[in-house]
Amino acid sequence: MKLLKAPLFWLIVGVTAIFALLPLLSNNITLRETLVLSAIYIILAANLNLMIGYTGYVNFGSIVFFGLGGYLTLWLVGSHHWGLYSAVLVAGVSVSALAFLLGIGILRLRGAYFALATIGVNEAVKDFVSNFDVWGGSEGIFLPFTAYKAMGGAGKALWTVYLLIVLVMGSSLLLSLAVRRSKFGLGLFAIREDEDAAVVLGVKAPLYKTLAYSLSAFLPAIAGGLYFFKNGSVVPEEAFNLNLSIEAIVMVMLGGQGTVTGPTIGAFLYERLRGMLLTIPGLSNFHMVIAGVLLLLIILFAPGGLMGWLYRIWPRLRRVLE
Amino acid sequence: MKPAILEVRNVTKAFGGLIAVKDVSLTQYQGEILGLIGPNGAGKTTLFNVINGVYKPTSGEVIFEGQKISGLPPYEVVRRGLARTHQIVKPLNEMTVLENVTVGACFGPQNLPLEAAQEVAAEVIEFTGLGKYADVLAGKLNIALKKRLEVARALAAKPRLLLLDEVLAGLNPSEVAKMLDVIRAIRDQGISILMIEHIMQAIMSLSDRIVVLNFGEKLAEGSPDEVANDPQVIEAYLGDPEMAKRILEEEEA
Amino acid sequence: GLTVSKTGKYNVESVNQLNGIKLWQKWINDQGGIPVGDKKYKVELKFYDDESKAERVQQLYSRLISQDKVDFLISPYSSGLTAKAAVISEQYGKIMIATGAASDSIFKLGYENVYQIYTPASRYLTATLDMLKAADPNLKKIAIVYEDSKFAKAVATAAKDYAKKIGFDVALFEGYPPSTTDFGPIINKVKASGAEALVGGGHYADGATFARQLYEQQATLKMIALLVAPASDEFAQLGDAAFGVAAPSQWEPLVKYNPNCGVTPEEFVKMYEEAYGKTPAYRAAGGFAAGLVLQRAIMDAGSIDADKVRAALDKMDLTIFFGKIKFSTDPASHGLQLGHDMVQIQWQKKDGELMKEIVWPLDAKTSDLIYPIR
Amino acid sequence: MIEIVSSILDGLLIGLVYGLASIGLTLIFGVMDVVNLAHGAVISLGMFSLYFFFGAGLHPYLALIPVAIIGFLLGVLIYQIAVRRILDGPPLMTLLATFAVSMIIVGIGTALWSTSPYNVNFKVQTLNIFGYTVTSARLIAALAAVLVTFMLYYFLYRTTLGKAVRAVSNNREAAELMGIPSQQILAISFGIGTALAMLSGALIATLFPFTILSGSIYELKSFVASVLGGLGNPTGALFGGVILGLIEGSVAPFIAISWTNVIEFVIFVLILLFFPTGLLGGRK
Amino acid sequence: MSRVLELTDVETGYGEVQVLWGVTLSVEENKMTTLVGANGAGKTTTMRAIMGVVKPWKGTVRFLGEDVTQLTPHEKAQLGLVLVPEGRQLFADLSVAENLEMGAYSPRARNNLDANIKRVYELFPRLFERKKQKAGTLSGGEQQMLAVGRGLMADPVVLMIDELSLGLAPVLAQSLFGTLKRLKDEGLTILLVEQNVHLALALSDYAYVLAEGRVKIEGPSHQVARDDEVREAYLGV
Ligand SMILES: Nc1ncnc2c1ncn2[C@@H]1O[C@H](COP(=O)(O)OP(=O)(O)OP(=O)(O)O)[C@@H](O)[C@H]1O
Ligand SMILES: Nc1ncnc2c1ncn2[C@@H]1O[C@H](COP(=O)(O)OP(=O)(O)OP(=O)(O)O)[C@@H](O)[C@H]1O
Ligand SMILES: [Mg+2]
Ligand SMILES: [Mg+2]
């Protein structure tokens, strides 16, 4: 495989290993809970990047995959007593399939219309689930504690889930890299730059972008399943939190869309920034303002995202950190 | 006579009330360079768009190598061996020239894997004289280079028929002459060419036959000489080709 | 340790609750701390802002446990956030006193370390319906309109069953989305249903808006009882629209309980007014009560060892200034509050001034129920 | 029957208010292709401005004038600080910048006013027309929406400055070459868009209680309304708002209220599938 | 005879890529001056530098004796320096009439709006027929007429036109050249970039040949037209 020769491949493997081993070896739970949120954000950003950065379609409502994955998983585990592994896999596959069908419809829209329609999809699903009694309606689904016992107790279960989330994170990044270096990725880039031209050049745009949409749903759905399993419950506002969706766009753009490294760094920094501001005492009332100001400063002075800025000051980086 | 590669049969294309192409039929033979001229807004580009599937004809059909292609989406049309360039260039701005051309090679009729496509792209780039720009982002090229990029991308697909829409616009006479050599070389590879052009010396010297459109309808068809001397064509399109010379003489007098 | 929603949608409620907890901390530390054997433990509080966001709660509770090494936990505000925190507390076997969380369902998931202070949702409106029955035995049609959130829906569903049981006809049973500001369509439906009394609501913002629009749109109802919102003092800002609106409340400053431990209601109110310059609402009382219950359990256990404290909590049967406290020990609903009961308040006018009066239970009332109100 | 009619009429009135809320958004998008994520925050600010002017003793409708002026100045400020520099940058950066502005506004608002609800308490008349009850505040808000849309239309299509706004939105460089000070025009447009958002917030505040976060609901409605009408098309936005309101009003009597949003968003997505640039057509 | 527009040692480019390497040229009143050069020689860039669309890195642009190097494009346009840009750049969603009105946005042009609009409609009766139509739906030739018409509305002191005949049918190109000659005869100062080098040299008074961002040859047009090097490199003979 040519992929194995890419420096970035090994970097991804390394970062994933660090995520897994650091809290494990030091048995540091705070670190784990901090990293789990980073990992989730990285998963969301990396997969969203397949749409925004690679295909050029801004998905405002990407969180819908995450939420549906969470719901399906908790429903299967909670009400049907499935094991976690099979539940998240089924959730991933079904959400991905659903995205494919949905994509056939809404990917005919372009630009801001697509972006805003995805908000509509997310809100429609959220409101539907709020009314859907099989999934507990607005009360959501709460996992009985026995679900953790089946995995050797809460303590062990949460470690397992953490490692799985890190694995999904690693897979998301490798997927980003693999797509980027493939013929499929080249087709997506062409669509991003000019869809009409791409079609005339022979790219099957309707199929390609629907595949990208569907692909970008798979791992977030699994991550949603794991994350909400860890939380022990899922309710509509948390599962389909539009704001988190928009924050995911912020992470992608902050790091630099279209690259593999950018969204990862963007997600990590964004989570750390918000998390740190929350725990610094004196700032309590103003942490949001400070986060906003910092974000604005970054945007104004590094408008190409962090990667754009890094590439500019150190062009050779482009070859290593794609 | 050689067999036909492309047949346009009674094609009409309307946008709302406006009929841009009206009942046009034409035939292109294998290995031929066929010129398409006509006043601005005559429907030339629209006809191209119908041929390669960007638009569905309102009525009529397009036959390529004996098979009906009208109604197929553009990506299917390319895969059958019919590539085109755009009058209003459409470079993939944030991708390099090499990547642009690779897209053409990758998704064309040969459906090459990525690496093979890159090799083909590199060859085509040399052939079209874009060699030193291979790693430049396409958005950074000037208009003339972008036009050349259009040609390179279409060529990389290894089509059997190539549609060229005003690829000479914006070139000065010497550059036009160089580009004519490139086009002839393409034809010598056995690729048939259908081209739209407003630069008369060029199209007259290059084409085997010429079709003239006016207000969406076919006004004339024939060899360059026949067309150039057709009074209808002169009135609607050519005007007085000797004007420049006349003005020059006036000034000097 | 605990997290507090200093920002986000729960900030008012949550900060009130924190004030109560802080007051307890000061009170006990002024006495030298919690007496355990011959030692006295000073109470130290550690809290973070959770932005009312679920994704932060687990991160911050883990931090409290493993980094700040707190011994006991108090829940965040709201059932939703408490459920997230419970997963973490359970994982480490840390005891968490849940205040500001009235859901029943959290306590039916098999958790062993979570203890509820509030009257659970299933019993929230039952007393209100009893009161209505007593005031007007002939009234039949009522409307139950609730905020479509975990808490309010649970309350409303339990109320519907109870209403049917005691002979009411539920003419309209409907939820509205939590972010609703325009109640026009709902009020149209209430009018169309022919209901004569309305119970329901959800949290503060929606309840206040609902009450105001019921008034503006001239819905003629004999009684209106809403969750949460009328129990807050801010509700008086609605002016005429507040008049006559009733609410179940976890606690009121005027209640007359005779505690067998800790402070009396009067003492608590006085302390609170001195500390914060305003009368405490029930959330603050709940905060204080959470501290008190924890303190009492530690004293009973004679240790801060989690197992011993847990045993003390399981055995607990107290009356404090907040009312009765007794936890379920049934494994299927461990930690659920069984002892505590709701009181009913109504906004009435004294000398043209809007006042909150206790109207139910009859032995605790400060004024008679006004009925019908419109 | 009367319930159904009044429900639909209520829907119409609230729909006009949604329309008003979305006009500012659609204007800014139409002129400079910026999806303004600070829109909701600005609407909230409009609500609070009205609250404070009212608290200072000004009649709420009179207070609309200073609110609009503040909105205009705020818009110009936001444009100059956060938008101007990156307008020519990568296409989505303005999304981030306005998101950051939104965080700053909401953050400051939360610190100052917490997230608890505020209320503008002024006596409104209730009108009773053929058994249909409507508050005068609703009627006035709806009429104001129509009036403002008309004025904006007149401005854009009949005045030279308005045409310059459209010219800049079509082709900034060409406008500059024709002597049109494009930066000034963009700042003015952002100012007008923001003023409209503040105005709509102020009008909503006369109807409903609000918190610093309330604007986000109207931001969402604004997205939907302006897409339905066709992005960048002010009349379309009003039209889109009315459609939203009518959907809400006409389904409410027949199904549980909590389903209205589902229906609304499903209809929204469906309409888009058939009219990919909105019902009245807008910018692509 | 006065020099209305003068460039001295102008250098500029895009990003880090330098395109112009010290261009010095001048345009005289009531004359038509032509800029000739290969693709990418920097003709368009020169015009953009004159207008300030790209800022000159070095050198000065003087207009009517004043140093205008640092002015923004709209300020220059208001002084009477008007460019009809490459690729037309119309306001596609505005009507023909509105496009013309926007051409006359600057205060000095607004005073003569009525007279100018009449003149433009006389020059291009076709535009009068279509004045309500959206500019974006015009055919290529009509768009070019509108672009020139819009430039004239600005009441230019110097009219700069980039690629007048690009993509135009021969008959239309001839008629536009005719129009240009008439405008010149009426006293307008014109700076022209045109790939139809034969015609451009025939019509103009003075010519500059640009190569790789530098002026290579200059002189009266008929002399330049006879220059052997020019004939080979640009006229294809
Ligand atoms: N998508 C469209 N919608 C509406 N009208 C169109 C569309 N595309 C082209 N037209 C109109 O159809 C007519 C023919 O246009 P077309 O682009 O085919 O002309 P052309 O012959 O290529 O002209 P030119 O030589 O100027 O390029 C024109 O009047 C044009 O305005
Ligand atoms: N926007 C841009 N960004 C980067 N480089 C550019 C840009 N526009 C032009 N260039 C480069 O500047 C050089 C000069 O271009 P310019 O457009 O001035 O040439 P020109 O003489 O007008 O050519 P043409 O005959 O093609 O119009 C070219 O090499 C071109 O690639
Ligand atoms: Mg054409
Ligand atoms: Mg040029």
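All figures in this text were calculated on a predicted structure; none of them were measured in a lab. Residue numbering restarts at 1 for every chain, and letters A, B, ... go by the order of the sequence lines.
Taking CD of D:Q184 as the reference point, atom NE2 of E:H74 lies at 6.5 Å (rounded to 0.5 Å). In this structure, CG in D:N170 is found 8.0 Å from CG in E:N99, a value given to the nearest 0.5 Å. Separation of atoms OH (E:Y105) and CG (D:L161) is listed at 5.0 Å; rounding is to 0.5 Å. Here the NZ atom belonging to D:K163 is positioned 3.5 Å from the CD atom belonging to E:E101, to the nearest 0.5 angstrom.
Taking a 6.0 Å sphere around CZ of E:F128, one finds it holds 12 or fewer heavy atoms contributed by other residues, nucleotides or ligands. Atom CZ of D:F155 has more than 12 heavy atoms from other residues, nucleotides or ligands within 6.0 Å. Sparse packing is recorded around CZ of D:F150, with 12 or fewer heavy atoms of other residues, nucleotides or ligands lying under 6.0 Å away.
For the options E:K76, E:Q78, E:R110, heavy-atom pairs under 4.5 Å to chain D are most numerous at E:Q78.
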Exercise for the section: Go through the steps for E:L94 and D:R166 under the test side-chain contact (heavy atoms from CB on, under 4.5 Å), then give the verdict. Expected result: CA-CA 8 Å; E:L94 270 61; D:R166 286 165 55 223; 3.8 Å; yes
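In terms of heavy-atom proximity, D:T160 sits nearest to E:M102 at O-CE, 3.7 Å. Residues E:F91 and D:A167 share a closest heavy-atom pair of CD2-O, 3.3 Å.
By a heavy-atom distance cut of under 4.5 Å, E:R48, E:M51, E:V53, E:T72, E:P73 are the residues of residues 40-73 of chain E near chain D, going up by number. Interface residues of residues 145-153 of chain E toward chain D, defined by a heavy-atom distance below 4.5 Å and sorted by number: E:R150, E:G151.
When heavy atoms are compared at a cutoff of 4.5 Å, E:A92 approaches chain D by way of both its backbone and its side chain. Using a 4.5 Å cut-off between heavy atoms, E:L79 makes no contact with chain D at all. For chain E, the nearby parts of D:E176 are the backbone and the side chain; heavy atoms of each come within less than 4.5 Å.
Residues passing the salt bridge (charged side-chain N to carboxylate O under 4.0 Å, His left out) test with E:E186 are E:R119, sequence neighbours excluded. Residues passing the salt bridge (charged side-chain N to carboxylate O under 4.0 Å, His left out) test with D:R84, sequence neighbours excluded: none.
D:M178 is listed as a side-chain neighbour of E:V82, based on a closest heavy-atom distance under 4.5 Å.
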